[in-house]
Structure formats: C-alpha cells, structure tokens
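Worth knowing before you read on, the calculation uses all heavy atoms, side chains too, and leaves out hydrogens, waters and symmetry mates. The chains referred to below are lettered A, B, ... by the order of the sequence lines, with proteins before strands, and numbering in each begins at 1.
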Amino acid sequence: MKQWEVVIGIETHAQLLTQSKIFSGSSTAFGAQPNTQANAVDIALPGVLPVLNRQAVECAIRFGLAVDGQVAPKSVFARKNYFYPDLPKGYQISQFELPVVVGGKVTIQLGEGDNLTEKTIQLTRAHLEEDAGKSLHEDFNGKTGIDLNRAGTPLLEIVTEPDMRSSAEAVAYAKALHALVRWIGICDGNMQEGSFRCDANVSVRPVGQKEFGTRREIKNLNSFRFMQQAIDYEVQWQIAHIEDGGRVEQATVLFDPDSGETRAMRSKEDAHDYRYFPDPDLLPLVIDRDWVERTRAAMPELPVAKRDRFVADYQLSAYDAAALTASLDVADYYEAAIAVCGKAASKSCANWVTVDLAARLNREDREIGDSPVSAAQLGGLLARIADHTISNNIAKKVFESLWNGEGASADEIIEKQGLKQITDSGAIESLIDAVLAANPAMVAEFKAGKEKAFNALVGQVMKATKGKANPQQVNELLRSKLG
Amino acid sequence: MSLTLEQVRRVAHLARIEVSDAEAQATLGHLNGIFTLIEAMQAVDTRGVEPMAHAQDLAQRLRTDQVTEIDRRDAFQAIAPETEKGLYLVPQVME
C-alpha cells in the first residue's frame, strides 16, 4: 500500500471594507434591491473610466504589513478577459504581473495543549481586483437574471504557496486568515454573505516524490466545515482514482454539501486563456514609503504578538492566550477586565472570559461586542472573588444577575442580595453545631471511617449558609470539630 | 514570427468574433503585417529598460472612499432588451 502526501494551496477572496466600490462611487452595502447599486461604470456603459478607491489600497497596505509581505512601491492593474453575463465589460480589472503585495506569511496553530504545534504558511501574493455581478439561475422564462450590485466590489485575492499538507492545516490557515483580516479591519469576514470565500488547490503525490501531482481546484468554499469535508472527499477521490489506474486531469470542481462530494465542472478548453494585459484605463498604482509608514503606525498590535505578550504578561498558557486573541474584540474585553480586577486574577479572568462568558454568549448567539455584562462589570466581579468577598459559586449567581441587568455592578448586586461571604468563624461554627446535631447518622458514619460522610456534612453546612461560606474554611472548621 | 490561420480562428473565438473563411484569411494578412513591424522593433536593444505599464509616466489618481452615486436603475434598464424584478435577463447560462 502506497503512502500518499496531500498538497494544498489556498486562494482567498476577501471583500474589503469600503463604503464605495473599487472603481466607482456606488455603494457596496449588502442586500439592496437588484441593480440599484450599479452605476454607469459598474454596468460598463461605453465611455466610462474607472477611478481607484484610496481606501481599498489602504486595506491592501494594512494586509501587506500584517503578513510581513512587501508592499509594492508600484503595482499595475491588468485586464483578465473572459465572457460571462455577470461581467459586463468582458474583462475583470485585476492585477497580474505586478501585484500590490508580494510574499508574506501566516502562522497557524495545530492541535491542543501539549500537542500544540505551529506552522508557517508562506504567501505568494495578494492583489486588488473587482468582484463580478451575480447570476440568478432560477428560471425567468428560460432566461438567467443578472444583478450587478456586487460588480465592482473591492476584493483582495490572497494566494498561498502549496504549503498545507492536510485538510486540518488548510482549515487552520483559513481560520487564521479569517481572524487576521477582521482583526486589521479590512474585511467583515461574513462567509454567508460571501465576504470571505476560499478556493482550495488540492493534489496528492506518493510520499517522497519531489514533483507535485496534478491539482484540481475546489471553488467557492464558504464555510470551514465545507472546506474540511470537500478536501477530505477530494483527497480520497484522487487517491482512489490513481490507485485504480486513472490519471488526475487538471479541473475546477464544485463541492455539493448535500452529497458531500466534489464534482468537476464541465471543462471549457479555453477557460484559462485570460489574455491578461495592462489596463490602459488605469495608471500604475504608486504607494510611497510615507503612506506605508503612516499605515504601519496606525496598525493594531497583531494577533501573534498579542498572544505572546499575554503569555508573558499574564502568565497564561499558550492555549488560553490563543483563545483570548481569537479576535480583537475578545482580547480588548479581556484586557479591559484585567484593568479593573488586576493582573493577579489574570488566570481566573481568562477562564471567565473563555468559558463562562463565552458559553453564555453562545447560548444567546451574541458577539462579545454586545455582551450584556461589560468588561468593567466582569472585572469588578472578579475583584470580589479575589478579595474573598464572594466564592466562585456565588460569583456565578452575581454574573447571572449582571447579565439580566439586575444591578449596575457586582458590588451593588452583592449588597442588594446579601451575598457577601460569611468569614466570621463564630457564625460558621454555630451553623456547624446545628448541622452536626441534626445529622447524627452522618457523624457516626464519618467516625466509622467513611470520608464520603464528611463531604455530605460540608454540603449540609454550605446549604445552611446559602452557599455564602468559604468551602475551605468550612472544611477546616468541620474537621477540627469532628477531630 | 508569423501566425497560422488556426491561431487567428482561436483568437477570434476567444474574443467571440465571428469570422468567415475569407475574413480569417484577410485578418491573417493584417496581423502578420503587424507582427513584422513588432519583429523590426524587437531588434532594438532594451536591456536595462524597465517595461512600461502605461504610455504616460504618471501615477494613478485616487478617489476618496465615498458613495457619490444615486440609484438610476430605471434609466439604465429602459434601454435593456429584457428585465424582470429589477434583474437584467440574458439567455440562460449553464455551468
């Protein structure tokens, strides 16, 4: 049985966050009535000229800096020629020989805990281009409907080297890139609306072989789950096909989520003859050092740098630090909470943000940006755990009250609901005495050597204090009473 | 370098231009004439000269990112052969 190696490269189209289109002043807002956001440039009336959107270029510069690529001082727009009804000019304005970003890299993390490893995925390039319109194939009396609202929407196409060796690596890369483009504010990452779409170039080769196998390109993967399923199916198909004596032909394939299969699109012999040439309507794009440096100065701290800083500054595990830097919103929330509760509570704060808060947000399908419990409120709550005003258990109750808007701060809720921890040992001792008197059977069991009975007694005492005593203190006092 | 009739037909097909045999033959002659001119120009030594992307040595002017356009769908669609529900209708495209 031959061992096979999988080789994957990914091309991603990220829709850039601009108000207007890349070459016209039409709106890019999603969901408008068909063709109401398509002007003379977008529908390609004769005699119109494209004028480049500064913000789209700025987004490309931000991306180039974020992946440590080279922002080209001079790049050139080219025409990619093909005929399709949703491409009214008969060509797409893209970049070919001189793209705006050259090289760069994205670091991905694989596995968890002790098995956590890192891998660097090299980028080939990133270039600016315009999106096409949309074809609606539902039957309009045997015709196809065309909506050009999306035509001219700015895209950054990000191309990797064939560096990935499994569907897991491909998905880890896509997720890291998705997080990065949102982090630096150049793309909203909305995959349902098509703001972030991936194509995967997949091939297989016998382990040890130097040359790449023939690749097939899986188009328009719009969810991470589909990406995983599509690549897994495609890999298994290619291996089976070769082992059956077949040859893989270069092709474009589509993934069908219903059947879980990939299938080749009808191949068109001329499909890849795009006859690129520099667009005479557009002059070269010149980006001076000054613009790059100004953009660099305005960049947020990047995910990897922030993750490393979280590990160093807050003594967090790599796993927690990665979870807290999954998005800029989460990272900002965490640091805003720490600013209130103090660095000493950093580990507990990490747990609250990544476990309790995350689960609660998840249950209501909310983003951390509109969490009913603010970072300052959570920080205030954690400060009360840290100074032993309340136990972790009571804190969960206070959190719930904060979530439901029953008070402006943890302090207010603790005060109003009388949740302050009982630390007066005299008070706890008298409750213990009452519990011991009421449960002679348990006491006898404990004295007979059953440790379980002790835990049951602790439970009874905690119940008597309505959970407000420190369990450890109860433990100690109970032990000395029984001992 | 000279083109073949087959190449002329292929380029015409890629550009979706219908050419008759006579037109293809005539076009072959025209294009070969242009290629002769290009061949003559290729005799010029261009080592060390950066290829030009545009005839003018200027940089692209940039636009502020602002929505400046209003909806003019009705005007645009008034000259379209066929529309429905705001969509332009075209002969069915199958993938």
Side-chain angles (χ1 to χ4, degrees), chain A residues 18-20 23-29 32-43 45 51-58 74 76-78 81-86 90 97-98 135-137 139-148 254 265-266 270 273 275 278 280 282-286, chain B residues 3-4 6-19 27 31 34-35 38 41 46 49-95:
Chain A
T18 58
Q19 301 297 312
S20 63
F23 297 119
S24 87
S26 301
S27 170
T28 53
Q33 287 298 306
N35 292 307
T36 56
Q37 292 177 173
N39 77 345
V41 173
D42 309 321
I43 69 172
L45 290 189
V51 188
L52 184 57
N53 184 336
R54 177 185 301 275
Q55 185 61 28
V57 179
E58 175 101 16
K74 189 176 190 177
V76 171
F77 285 94
N81 298 280
Y82 67 94
F83 286 96
Y84 208 74
D86 58 25
E97 284 176 319
L98 297 170
S135 298
L136 295 124
H137 296 292
D139 198 7
F140 295 97
N141 300 319
K143 305 244 169 143
T144 292
I146 304 292
D147 177 5
L148 297 174
L254 291 175
M265 290 166 75
R266 229 177 347 162
D270 304 323
D273 197 340
R275 293 151 293 142
L282 288 154
L283 289 155
L285 168 61
V286 172
Chain B
L3 287 178
T4 65
E6 201 38 56
Q7 286 170 315
V8 171
R9 287 219 166 84
R10 179 173 154 73
V11 171
H13 172 68
L14 285 171
R16 301 296 185 274
I17 297 170
E18 192 177 354
V19 290
T27 307
L31 290 176
I34 293 169
F35 272 100
I38 291 171
M41 289 195 292
T46 55
V49 180
E50 201 186 323
M52 281 193 323
H54 200 278
Q56 283 175 292
D57 191 17
L58 295 169
Q60 176 62 37
R61 193 170 70 83
L62 301 173
R63 222 186 70 237
T64 305
D65 180 27
Q66 252 172 12
V67 177
T68 52
E69 295 294 314
I70 52 157
D71 171 23
R72 297 186 60 205
R73 183 176 75 180
D74 290 346
F76 294 143
Q77 296 203 332
I79 52 168
E82 204 176 346
T83 61
E84 191 179 316
K85 293 179 182 156
L87 299 165
Y88 294 93
L89 295 193
V90 300
Q92 190 129 45
V93 211
M94 295 302 290
E95 215 22 281

| task | With rounding to the nearest 0.5 Å, note down the distance linking CG in A:Asp273 to CZ in B:Arg10. | result | 4.5 Å
| said: Is there a side-chain contact between A:Pro284 and B:His54 in this structure, where contact means two heavy atoms from C-beta onward sitting under 4.5 Å apart? | reply: yes
| message | Quick check: do A:Ile43 and B:Phe76 have side-chain heavy atoms less than 4.5 Å from each other? | response | yes
| query | Are any side-chain N or O atoms of B:Asp65 and backbone N or O atoms of A:Gln19, one a donor and one an acceptor, separated by less than 3.5 Å? | reply | yes
| Nearest non-hydrogen partners of A:Leu136 and B:Leu87, listed with the distance | CD1-CD2, 3.4 Å
| said: So which residue, B:Asp74, B:Val67, B:Thr83, ends up with the most heavy-atom pairs under 4.5 Å with chain A? | reply: B:Val67
| Taking all atoms of both residues into account, what is the closest heavy-atom pair of A:Pro34 and B:Lys85, and its distance? | CG-O, 3.8 Å
| note | Nearest heavy-atom approach of B:Ala59 to A:Val286 is CB-CG2, 3.5 Å
| said: Is the shortest side-chain heavy-atom distance between A:Leu285 and B:Leu62 below 4.5 Å? | reply: yes
| Are any side-chain N or O atoms of B:Arg63 and backbone N or O atoms of A:Ser24, one a donor and one an acceptor, separated by less than 3.5 Å? | yes
| query | Less than 4.5 Å apart, any side-chain heavy atom of A:Glu97 and any of B:Pro51? | reply | no
| Is it the backbone or the side chain of A:Leu98 that comes under 4.5 Å from a heavy atom of chain B, or both, or neither? | neither
| query | For the atom pair CG (A:Asn39) and OG1 (B:Thr68), what is the distance rounded to the nearest 0.5 Å? | reply | 7.5 Å
| message | Just verifying a value: how many Å separate A:Ser26 OG and B:Ile70 CD1, rounded to the nearest 0.5 Å? | response | 10.5 Å
| chain B contacts, top residue of A:Ala32, A:Pro278, A:Gly142, A:Ala56 (heavy-atom pairs, under 4.5 Å) | A:Gly142
| query | Tell me, do B:Glu69 and A:Val41 make a side-chain contact under 4.5 Å, heavy atoms counted? | reply | no
| message | Would you say CZ of B:Arg72 has more than 12 non-hydrogen atoms from neighbouring residues, nucleotides or ligands within 6.0 angstrom? | response | no
| field | Among A:Arg54, A:Gln37, A:Lys74, residue most engaged with chain B (heavy-atom pairs, under 4.5 Å) | value | A:Arg54
| query | Side chain, backbone, both or neither: which part of A:Thr36 has a non-hydrogen atom closer than 4.5 Å to chain B? | reply | both
| Is it the side chain or the backbone of A:Phe77 that comes within 4.5 Å of chain B heavy atoms, both, or neither? | neither
| Heavy-atom closest contact (A:Val76 atom, B:Ala53 atom, distance) | CG2-CB, 3.4 Å
| Under 4.5 Å between any side-chain heavy atoms of A:Gln33 and B:Asp71, yes or no? | no
| Minimum heavy-atom distance A:Asn35-B:Gly86, with the two atoms named | ND2-O, 2.6 Å
| query | Given that the side chain runs from C-beta out, which part of A:Ala40 has a heavy atom under 4.5 Å from chain B: side chain, backbone, both or neither? | reply | both
| field | Best-contacting candidate, A:Gly90, A:Ala29, A:Ala78, A:Pro85, against chain B by heavy atom pairs under 4.5 angstrom | value | A:Pro85
| Considering only heavy atoms, which portion of B:Gln56 lies under 4.5 Å from any heavy atom of chain A: side chain, backbone, both, or neither? | both
| query | Non-hydrogen atoms of chain B under 4.5 Å away: do they reach the side chain of A:Asn81, the backbone, both or neither? | reply | neither
| remark: Closest heavy-atom pair, A:Leu52 versus B:Gln60, reported as atoms and distance to 0.1 Å, is N-NE2, 3.8 Å
